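Structure first, commentary second.
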Amino acid sequence: VMAEANLKALGYFGRTRDEVLDRPLDELLHADDARYFLESLDAACRQKKPVMARAPSGAGTGPRFGNFYINPLVGSD
C-alpha cells in the first residue's frame, strides 16, 4: 500500500493525498507497472537506500512513469 506520496506523485496520479494513501498499488497503476514498481521497491529495501527506476517501455495503459526515485521506509513492514 502507499504509505506516503509527495506532491509530484499526487499530480501524476491526479488524486488527493487521502485518495492515494493506504491504497494498494494495483488500484493506482496498471498491473505491469505495479509489478515493476514493486520490484524496484524490493531493491531499495534490500539496499536500504533510495533507488532510481525507469519506466518499462510500452507497459500498461494508465499513468506513465518517467524516471522516479523509491525511498524505502527502513524498519517498517
Side-chain angles (χ1 to χ4, degrees):
V1 297
M2 294 291 287
E4 189 55 71
N6 64 24
L7 290 176
K8 283 192 173 196
L10 297 177
Y12 179 82
F13 289 119
R15 298 179 186 220
T16 67
R17 187 172 185 272
D18 289 338
E19 293 172 327
V20 170
L21 296 187
D22 298 323
R23 306 258 331 253
L25 195 59
D26 59 359
E27 287 183 15
L28 301 170
L29 296 172
H30 181 273
D32 291 337
D33 293 334
R35 187 177 317 109
Y36 179 78
F37 187 93
L38 291 173
E39 288 170 1
S40 299
L41 176 61
D42 183 56
C45 290
R46 278 193 321 258
Q47 296 174 26
K48 297 183 180 177
K49 64 181 183 179
V51 297
M52 186 175 78
R54 290 199 170 160
S57 60
T61 57
R64 298 287 305 159
F65 285 128
N67 293 340
F68 59 96
Y69 285 96
I70 298 177
N71 293 305
L73 299 175
V74 178
S76 66
D77 294 334

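As the structure is a prediction and not an experimental result, all values here were calculated from the model.
- In terms of heavy-atom proximity, Ala5 sits nearest to Leu10 at CB-CD2, 3.9 Å.
- Between atom CG of residue Asn71 and atom CG of residue Leu41 there is a gap of 10.0 Å, rounded to the nearest 0.5 Å.
- Looking at heavy atoms from C-beta onward, Leu28 lies in side-chain contact with Val20 at the 4.5 angstrom threshold.
- In this structure, Val1 stands alone, with no Ile, Leu, Val, Met, Phe, Trp or Tyr side-chain heavy atom under 4.5 Å from its own, directly or through other members.
- Among residues two or more places apart in sequence or in another chain, the side-chain hydrogen bond (donor to acceptor under 3.5 Å, both in side chains) test is passed with Glu27 by Arg23.
- The backbone N or O of Thr16 lies less than 3.5 Å from a partner atom in the side chain of Glu19, making a donor-acceptor pair.
- Legend: residues meeting side chain to side chain contact (heavy atoms under 4.5 Å, CB included) with Leu25, ordered by chain and number and at least two apart, are Met2, Leu29, Ala34, Phe37, Leu38.
- For Arg15, there are no salt bridge (Lys or Arg N to Asp or Glu O under 4.0 Å) partners, not counting sequence neighbours.
- Met52 belongs to a hydrophobic cluster whose other members, connected by ILVMFWY side-chain contacts under 4.5 Å either directly or through intermediates, are Tyr69.
- Applying the side-chain hydrogen bond (donor to acceptor under 3.5 Å, both in side chains) criterion to Glu4, with sequence neighbours excluded, gives Arg17.
- Every residue two or more places apart in sequence or in another chain that forms a salt bridge (Lys or Arg N to Asp or Glu O under 4.0 Å) with Asp42 is listed here: Arg46.
- The side chain to side chain contact (heavy atoms under 4.5 Å, CB included) check on Asn6 picks up Lys8, Ala9, with sequence neighbours excluded.
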